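Remarks on the structure that follows.
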Amino acid sequence: MTTPTALIIAVDGPAASGKGTIARALARRFDLPHLDTGKLYRATGLAVRLAGLDPADAAAAAAAARQLDPALLDDPDLMSGENAQAASIVSAHPAVRAALLETQRAFAAQPGGAVLDGRDIGTVIAPHAPAKLFVTAAPEVRAGRRHAELSANGFAQDFASVLADILARDARDSGRADAPLRRADDAALLDTSDLAIDTAVQRAIRLVEAALLRDGQQ
Ligand code: DC
């Protein structure tokens, strides 16, 4: 008899694709702990900015990632547009990715399983995950969502600059040499462009159930 693999659900995709909302809903549905791995890169970017250093400085960013202050994960500036760009810049340094790798792998390796969302969960952090989703949406749709979210959180930014930021992040996150954003060969694609969030969540649950059935977990 083979032992089923742990219930690890990998959710990857570009900025504002809906992957965070979907990952949280999957964690509730399957009763699993959830890690938003983007927050680790955001906290690293924020630490560099608070120290008055340049996110493009690989040594400074790697040092920040190695001594990450957990309090930064709750900082109000973590989710700002400016900090998103800093996160994207620090995340391209291989030494930053190496410094954050173990935390993410350990989270994924919890005995009961876990849900992780990010850019490289299905390809690098948990390539053995039995269920993988790649969540995407058209850039204009993602910019509209991010614009609404930023406004609701008190970060004023016009739509055109939110769209430009999203396109810049897409290019940087997909174009970097180390662990670029890409769909794992065995990840199910979920395009949320025309879907209300509830529908997207229901589809994600069905895709995960189908993947687990194939894996012999249900
Ligand atoms: O998911 P997010 O928008 O909060 O992520 C912020 C940045 O962090 C993103 O532009 C790229 C980087 N990131 C990454 O490189 N790898 C991950 N697994 C998660 C995020």
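Along the sequence shown, the residues carry numbers beginning at 1. We count ligands from 1, going down the list as the structure has it; atoms in each ligand are counted the same way. Predicted, not measured: the structure shown is a model, and the values here were computed from it.
- In terms of protein heavy atoms, atom 8 (O) of ligand 1 is closest to Tyr41 CB, 3.4 Å.
- Heavy atoms of Gln85 come nearer than 4.0 angstrom to ligand 1 in no pair at all.
- Using a cutoff of 4.0 Å between basic side-chain nitrogens and carboxylate oxygens, Arg146 and Glu149 are scored as salt-bridged.
- Nearest protein heavy-atom neighbour of atom 19 (C) of ligand 1: Thr37 OG1, 3.4 Å.
- Nearest approach of Pro139 to Leu167, heavy atoms of both residues: CB-CD2, 3.8 Å.
- For Arg97, the closest heavy-atom approach to ligand 1 falls below 4.0 Å.
- Contact annotation: for Arg169 versus ligand 1, heavy atoms closer than 4.0 Å belong to the side chain alone.
- Among all protein heavy atoms, the one lying closest to atom 4 (O) of ligand 1 is Arg42 NE, 2.6 Å.
- Considering every non-hydrogen atom in both Asp120 and Asp12, the closest pair reads N-OD1, 3.1 Å.
- For the pair Asp120 and ligand 1, the shortest N or O to N or O distance falls below 3.5 Å.
- The shortest non-hydrogen separation linking Asp173 to Ser91 is OD1-OG, 4.2 Å.
- Taking every non-hydrogen atom of Ala87 and a distance limit under 4.0 Å, the qualifying atoms of ligand 1 come out as 6 (C), 7 (C).
- Side-chain contact between Asn153 and Met79 is absent, with no heavy-atom pair separated by less than 4.5 Å.
- Here the closest non-hydrogen pair linking Pro55 and Val48 is N-CG1, 3.7 Å.
- Atom 10 (O) of ligand 1 has as its closest protein heavy atom Asp173 OD2, 2.7 Å.
- Of the candidates Gly38, Ser88, Ser91, Gly38 brings a heavy atom nearest to atom 20 (C) of ligand 1.
- Looking only at protein heavy atoms, the nearest one to atom 17 (C) of ligand 1 is Arg119 N, 3.3 Å.
- Minimum heavy-atom separation, Ala137 to Arg145: CB-NH1, 3.9 Å.
- When side chains are defined from C-beta on, Val11 does not count as touching Ile121, because their heavy atoms never get closer than 4.5 Å.
- Between Lys39 and ligand 1 there is no heavy-atom distance shorter than 4.0 Å.
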